[in-house]
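Okay, so here's the structure we're looking at.
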Protein chains: 2
Amino acid sequence: MPLPDVSQFIPHIAYDSVVFGFSKGKLKILLMEYHATGWFALPGGFVRKNEDLEDAVKRGLYERTGLKDIYLEQFQTFGTRERHNPEIMEAILKANGHEVPRNYWMLDRFFSVAYYALIDHEKVTLTPDALSDSISWYEVEKLPALIFDHAKIVQKALQTLRENLDRKLIGGNLLPEKFTMNELQSVYEAILGEKLRRTSFQRKMLSLDILERHEKLFTGKSHKAPYLYSFKS
Amino acid sequence: MPLPDVSQFIPHIAYDSVVFGFSKGKLKILLMEYHATGWFALPGGFVRKNEDLEDAVKRGLYERTGLKDIYLEQFQTFGTRERHNPEIMEAILKANGHEVPRNYWMLDRFFSVAYYALIDHEKVTLTPDALSDSISWYEVEKLPALIFDHAKIVQKALQTLRENLDRKLIGGNLLPEKFTMNELQSVYEAILGEKLRRTSFQRKMLSLDILERHEKLFTGKSHKAPYLYSFKS
DNA sequence: TAATATTGTCTCAATTCGTAACAATAGAAC
DNA sequence: GTTCTATTGTTACGAATTGAGACAATATTA
């Protein structure tokens with residue numbers, strides 16, 4: 001596969017996405033591992049000349065997760081000179097067996113518009129891109145070292161997610177359509193990084209009048225079965 | 001003055017700033033009026049190749065207001081194709097007596113990173129830029145029509161400012177160093193667009209323990225003189 | 001000295017929140 | 001079937017916060 005041609009993309013503009021998922025009680029994000037370098041990075045990409053910014057992000061997410069209609073929020077654009085590291089980008093391209101032309105556009109300084117996405121961990125089909133060996137889930141609390149300023153981007157994403165959690169009531173996007181109150185509470189606890197009081201949480205969620213109560217979930221465990229809930233549409 | 005040369009700027013990247021000020025009980029923003037067109041726009045600009053994004057914004061604000069150390073917050077990046085209007089940009093340049101070369105860089109599609117700033121209305125010395133007849137204050141509630149998507153940018157700035165008002169306690173940036181509780185309340189009311197209860201507001205502000213109380217302000221009016229306050233540093 | 005307008009503080013009820021207690025119940029143990 | 005255990009949904013109650021008004025203080029005018 002040849003190197004991407006600048007003619008179809010807008011130079012100097014990129015996006016990076018912090019894709020949050022939730023499984024086994026842990027908050028996780030998607031990271032790509034670049035071929036033959038052992039370097040990890042956020043899934044990102046470029047914007048086509050005839051494409052809206054947000055559509056470019058959605059396209060990238062679709063290619064890597066197979067999902068459309070993802071909950072997506074732009075949270076910051078990163079534009080320091082410090083983040084410009086042509087040596088690292090060149091090494092990544094060379095590790096993929098490419099001849100890198102002098103002044104190749106991907107080595108230029110880029111402004112990255114960062115988005116976070118919330119998805120149901122069960123629904124994804126992960127597909128690496130051309131430069132990557134793998135794309136997979138990593139616990140937010142146990143991330144490997146990331147290239148460029150991607151660690152800073154993750155931190156800012158997490159901070160924004162925490163601030164928006166109550167304000168925009170977005171926690172449900174990390175769960176399947178139907179879920180128990182306990183699962184929802186676990187999502188909140190994983191995002192906020194602290195334990196919450198069961199009864200207060202239940203009372204607050206119910207008082208917001210955003211949940212619809214469905215049938216009970218019988219797990220086979222020897223105790224009272226919890227109700228399933230979904231967000232009102 | 002010749003047209004700016006692309007060689008010193010990064011193409012496709014611009015910024016726009018929504019500069020809020022407060023005077024006579026009204027929330028206002030700065031708008032530029034382009035020469036000979038009657039068109040209004042937000043103060044914006046481009047990023048130099050050896051310059052950080054935020055420094056570019058500060059540079060632009062300094063050139064137009066004479067202020068440094070401005071409270072500044074990035075709130076969104078606009079990247080739709082729809083906002084690309086080379087005809088309008090060309091008309092603005094031509095109205096300034098420029099010959100516009102074919103494929104001139106300023107006619108390209110731009111991504112705009114939007115910031116809002118909060119400044120003390122009394123401190124500014126307004127200076128128009130090369131393309132503008134004037135730069136001056138306009139009430140947020142009575143804005144003229146704006147070019148491109150600038151009306152949408154202002155709306156988003158206002159929304160973000162409202163959301164951040166309590167969270168970040170930034171209202172004081174619109175006032176002089178010392179102010180009365182009543183003035184601070186007026187700022188809040190102008191931003192939120194609603195009247196607040198005097199006693200609740202006073203109690204809340206004092207309980208936050210962020211204000212320092214100074215001498216009284218004697219206005220000459222025949223009633224009890226209010227205290228002056230400043231934000232604790 | 002009285003009148004007026006505005007300010008700073010206090011009071012009391014309404015609401016929300018933290019905390020614990022309690023009743024309901026699905027399955028396991030017997 | 002009965003009892004036991006773990007977990008869930010709900011209620012109760014005091015603490016903290018908030019809404020709304022009352023009231024005293026005071027700078028100037030009449």
Side-chain angles (χ1 to χ4, degrees), chain A residues 22 24-25 162-163 165-169 171-172 175-232, chain B residues 22 24-25 162-163 165-169 171-172 175-232:
Chain A
F22 179 78
K24 303 208 177 73
R162 282 175 181 153
E163 289 170 358
L165 187 57
D166 278 325
R167 220 150 46 79
K168 305 197 174 181
L169 302 166
L175 291 171
E177 171 77 15
K178 292 182 181 178
F179 48 84
T180 66
M181 192 61 79
N182 203 354
E183 288 168 333
L184 186 60
Q185 183 178 340
S186 298
V187 167
Y188 271 68
E189 289 175 342
I191 292 175
L192 298 175
E194 59 181 346
K195 286 281 172 191
L196 300 176
R197 208 150 265 281
R198 182 182 66 90
T199 54
S200 298
F201 183 80
Q202 174 131 326
R203 176 175 48 188
K204 185 171 186 177
M205 282 296 143
L206 292 179
S207 73
L208 290 174
D209 199 37
I210 53 168
L211 296 180
E212 202 154 351
R213 180 177 282 182
H214 300 285
E215 74 278 7
K216 290 183 177 181
L217 172 70
F218 296 92
T219 59
K221 298 279 179 61
S222 64
H223 55 70
K224 186 173 179 177
Y227 288 104
L228 286 169
Y229 296 89
S230 67
F231 280 87
K232 283 182 181 171
Chain B
F22 179 78
K24 302 207 179 72
R162 283 176 180 150
E163 290 170 358
L165 187 56
D166 278 325
R167 221 152 44 79
K168 305 197 173 180
L169 302 166
L175 291 172
E177 171 77 14
K178 292 182 180 178
F179 48 84
T180 66
M181 192 61 79
N182 204 355
E183 288 169 334
L184 186 59
Q185 183 177 342
S186 297
V187 167
Y188 271 68
E189 289 175 342
I191 292 174
L192 298 174
E194 58 180 347
K195 287 281 172 193
L196 300 176
R197 205 150 268 280
R198 182 181 66 91
T199 53
S200 299
F201 183 80
Q202 174 131 328
R203 175 173 51 186
K204 185 171 186 176
M205 281 298 143
L206 292 178
S207 74
L208 290 174
D209 199 39
I210 52 170
L211 295 181
E212 202 154 351
R213 180 177 282 183
H214 302 284
E215 72 279 8
K216 290 184 176 182
L217 173 69
F218 296 92
T219 59
K221 300 277 180 61
S222 66
H223 54 72
K224 186 172 179 177
Y227 288 104
L228 286 170
Y229 296 89
S230 68
F231 279 86
K232 283 183 182 172

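Convention: sequence-line order gives letters A, B, ...; per-chain numbering from 1.
One interatomic measurement links the two molecules: CZ of R203(A) to C1' of dC13(D), which rounds to 11 Å at whole-angstrom precision. Regarding Y227(B), its OH atom lies at a distance of 13 Å from the P atom of dT7(C), rounded to whole Å. For the pair E183(A) CD and dT8(D) C1', the interatomic distance rounds to 14 Å; values are reported in whole Å. The distance from atom NE2 of H223(B) to atom C1' of dA24(D) is 17 Å, rounded to the nearest whole Å. Here dT8(D) presents its C1' atom at 15 Å from CG of L184(A), a figure rounded to the nearest Å. Put simply, NZ on K204(B) is 20 Å from C1' on dC10(C), counting in whole angstrom units. In this entry the distance linking NZ of K224(B) with C1' of dG8(C) reads 4 Å, nearest Å. Distance K195(A) NZ to dG18(C) C1': 18 Å, rounded to the nearest Å.
Side-chain N/O atoms of R197(B) and base N/O atoms of dG21(D) include no donor-acceptor pair closer than 3.5 Å. For dG21(D), its base never sits under 3.5 Å from the side chain of R198(B) at any donor and acceptor pair.
Paired with K178(B) under the rule salt bridge (charged side-chain N to carboxylate O under 4.0 Å, His left out), one option of E212(B), E183(B), E215(B) passes, and it is E215(B).
Contact annotation: N182(A) side-chain N/O to dT8(D) OP1/OP2 distance is under 4.0 Å.
Between atom CG of residue L165(B) and atom CD1 of residue I191(B) there is a gap of 5.0 Å, rounded to the nearest 0.5 Å.
Nearest nucleotide to the side chain of M181(A), out of dT26(D), dA26(C), dG9(D): dG9(D).
In this structure, the side chains of L175(A) and Y229(A) stay at 4.5 Å or more apart for every pair of heavy atoms.
Distance alone, capped at 3.5 Å, places no donor-acceptor pair between the Q202(B) side chain and the M181(B) backbone.
If you look at F22(B) and Y188(B), their ring centroids are not closer than 6.0 Å.
Looking at heavy-atom distances under 4.0 Å, K216(A) makes contact with sugar-phosphate atoms alone, never a base.
Residues S207(A) and Q202(B) both approach DNA chain C. Their nearest nucleotides, taken by heavy-atom distance, put Q202(B) toward the 5′ side. In terms of position along DNA chain D, the nucleotide closest to S222(A) lies nearer the 5' end than the nucleotide closest to the other residue of the pair T180(A) and S222(A). In terms of position on DNA chain D, the residue among T199(B) and R213(A) whose nearest nucleotide sits closer to the 5' end is R213(A).
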